[in-house]
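Notes for the one structure printed next.
These values consider heavy atoms only, across backbone and side chains, with no hydrogens, waters or symmetry-generated copies. Please read these numbers as outputs of a predicted model, since none were measured by experiment. Numbers here are sequence positions counted from 1.
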Amino acid sequence: MKPYEITNMIIDDDFDSEEYVTAEFTHNQTNYSITFKKADLEIINAWVYTDGTSLPANLSDTLIESIREDVKKQI
């Protein structure tokens, strides 16, 4: 069983220059989002949502790689 669950994924492919993929997920009962460039899945940003605010997320490399692999399979 994975330590996270992807709850939503948005693929922005209407931009003129770059396309992005944002995955929203829960991990340890906390909501996060992570945005990748669609072309090479380079991480653009990651956010944690707590108490109605968003802050930059500090995610482990292992967790990011696991999410990246799941995103790659779905796009």
Side-chain angles (χ1 to χ4, degrees):
M1 188 169 157
K2 295 182 181 177
Y4 64 90
E5 178 185 359
I6 293 178
T7 57
N8 192 27
M9 192 160 54
I10 302 165
I11 302 172
D12 297 325
D13 47 356
D14 291 331
F15 289 109
D16 291 336
S17 60
E18 292 283 344
E19 297 177 340
Y20 300 95
V21 177
T22 300
E24 297 172 349
F25 63 99
T26 57
H27 174 61
N28 292 334
Q29 300 177 354
T30 304
N31 295 320
Y32 295 86
S33 73
I34 187 168
T35 301
F36 300 98
K37 282 186 183 179
K38 186 178 175 189
D40 59 5
L41 296 179
E42 174 188 344
I43 189 170
I44 300 299
N45 60 45
W47 300 98
V48 58
Y49 301 100
T50 56
D51 299 325
T53 62
S54 59
L55 298 169
N58 184 15
L59 302 170
S60 72
D61 291 341
T62 304
L63 182 61
I64 292 170
E65 282 303 314
S66 183
I67 293 169
R68 182 179 281 130
E69 287 302 314
D70 280 351
V71 167
K72 187 185 299 184
K73 292 175 188 174
Q74 293 185 37
I75 59 173

> Considering residues at least two apart in sequence or located in another chain, which fulfil the side-chain hydrogen bond (donor to acceptor under 3.5 Å, both in side chains) criterion with K37?
Replying inline: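 K37: no side-chain hydrogen bond (donor to acceptor under 3.5 Å, both in side chains) contacts found.
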> Who are the side-chain hydrogen bond (donor to acceptor under 3.5 Å, both in side chains) partners of T35, not counting sequence neighbours?
Replying inline: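 Only T22, N45 meet the side-chain hydrogen bond (donor to acceptor under 3.5 Å, both in side chains) criterion with T35.
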Using the rule that two of Ile, Leu, Val, Met, Phe, Trp, Tyr join whenever any of their side-chain heavy atoms come within less than 4.5 Å, decide whether [X] and [Y] are in one cluster.
| X | Y | answer |
| --- | --- | --- |
| Y49 | I67 | no |
| Y20 | I75 | no |
| M9 | W47 | no |
| I10 | I44 | no |

> What is the minimum heavy-atom distance between I43 and R68, and which atoms define it?
Replying inline: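 Scanning both residues completely, I find the closest heavy atoms to be N-NH2, 3.8 Å.
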> Considering all heavy atoms of both residues, which atom of P56 and which atom of V48 are nearest to each other, and what is their separation?
Replying inline: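 Residues P56 and V48, closest heavy atoms: O-CG1, 4.1 Å.
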> What distance separates D40 CG from K72 NZ, expressed to the nearest 0.5 Å?
Replying inline: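 Going from CG on D40 over to NZ on K72, the span is 10.0 Å.
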> If you measure from CD1 on I34 to CD1 on I64, what distance do you get to the nearest 0.5 Å?
Replying inline: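 I34 atom CD1 to I64 atom CD1 measures 4.5 Å (nearest 0.5 Å).
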> Looking at side-chain heavy atoms only, is the closest gap between Q74 and I11 below 4.5 Å?
Replying inline: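 No; the side chains remain at least 4.5 Å from each other.
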>> So D70 and K2, do their side chains get closer than 4.5 Å, heavy atoms only?
In response: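 Side chain of K2 against side chain of D70, heavy atoms only: contact under 4.5 Å found.
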Enumerate, atom names and distances included, each donor-acceptor pair closer than 3.5 Å involving a side-chain atom of residues 24-32, sequence neighbours excluded.
unit_1, atom_1, unit_2, atom_2, d
E24, OE1, N8, ND2, 3.3
H27, ND1, P3, O, 2.8
T30, OG1, N28, O, 3.3

